[in-house]
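Working notes for the structure below.
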Amino acid sequence: MRVLAYPRWLKRLHRRGARGVVVSSFRRSAYVVFPEHQDAVVAVVTPELGRGPLSVVVEAGPGKEFVPGTPVRLACGRLQVGGCTWELPQDAAWDPTLPRRLPEPATVRRCCDWLP
């Protein structure tokens, strides 16, 4: 299984090293929680579910390794689930934050006029 994309914030966890556990598993996704890191949650998903702020997109669905209770380790650019390891390529990291945009002045005026 190859990692196609993952959120850039995940780099902080794998640089420090993080231990987690699989909490749920489905046909196209599995969820992992990292309790030592403010209960950070990662969703391991198939490409058809796409990228999201929590999503580690893998080319094939989460396999039999993703059983609730299975230990997970994130360190040194690798995701380890049970006995399986996947590389997190540098070029697969992306920024899921929305760009900040200021509203148009006319929109702000209309909203302020509407409020009273």
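This structure is a prediction, so every number in the text was calculated from the model and none was measured.
Note that NZ of Lys64 and SG of Cys84 are 7.5 Å apart. Values are rounded to the nearest 0.5 Å. The distance from the CZ atom of Arg19 to the CD atom of Gln80 is 8.5 Å, given to the nearest 0.5 Å. To the nearest 0.5 angstrom, Leu79 atom CG is 11.0 Å from Tyr6 atom OH. If you take CH2 on Trp114 and SG on Cys112, they are separated by 11.5 Å, rounding to the nearest 0.5 Å. Atom CG in Leu54 sits 8.0 Å away from atom OH in Tyr31 (nearest 0.5 Å). Between atom CZ of residue Arg8 and atom OG1 of residue Thr97 there is a gap of 6.5 Å, rounded to the nearest 0.5 Å.
Closest non-hydrogen pair, Ser29 versus Val45, comes out as CB-CG1, 4.0 Å. Between Pro96 and Pro53, the shortest heavy-atom contact is CB-CA, 3.7 Å. The shortest heavy-atom contact between Pro7 and Ser55 is CD-O, 3.0 Å. The minimum heavy-atom distance between Ser24 and Pro68, with the atom names listed, is CA-CG, 4.1 Å. The two atoms that bring Val108 and Pro103 nearest to each other are CG2-CG, 3.6 Å, heavy atoms only.
A salt bridge links Glu48 with Arg28: the distance from a Lys NZ or Arg NE/NH1/NH2 to an Asp or Glu carboxylate oxygen falls below 4.0 Å.
Remark: Ala18 engages Leu13, Phe34, His37, Leu74 in a side chain to side chain contact (heavy atoms under 4.5 Å, CB included) (not counting sequence neighbours). By the side-chain hydrogen bond (donor to acceptor under 3.5 Å, both in side chains) test, Glu104 pairs with no residue at all, sequence neighbours left out. Evaluation of the side chain to side chain contact (heavy atoms under 4.5 Å, CB included) rule for Glu59 yields Arg2, Leu4 as partners, not counting sequence neighbours.
Within a 6.0 Å radius of CD in Gln38, other residues, nucleotides and ligands contribute 12 heavy atoms or fewer.
Under the 3.5 Å distance criterion, the side-chain polar atoms of Trp94 are left unmatched by any main-chain donor or acceptor of Arg51. Thr70 places a side-chain N or O within 3.5 Å of a backbone atom of Val67 that can act as its donor or acceptor partner.
Arg110 places none of its side-chain heavy atoms less than 4.5 Å from the side chain of Asp113. Val57 places a side-chain heavy atom less than 4.5 Å from the side chain of Pro47. Residues Trp86 and Val58 have side chains not in contact (no heavy-atom distance under 4.5 Å, counting atoms from C-beta outward). A 4.5 Å side-chain heavy-atom check between Val3 and Val56 finds at least one atom pair inside the cut-off. The closest side-chain heavy-atom distance from Val41 to Val32 is not below 4.5 Å.
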Worksheet item: Would Val23 and Phe66 count as a side chain to side chain contact (heavy atoms under 4.5 Å, CB included) if you check the C-alpha gap in whole Å, the side-chain angles of each, and the deciding distance to 0.1 Å?
Response: CA-CA 9 Å; Val23 291; Phe66 289 87; over 6 Å; no
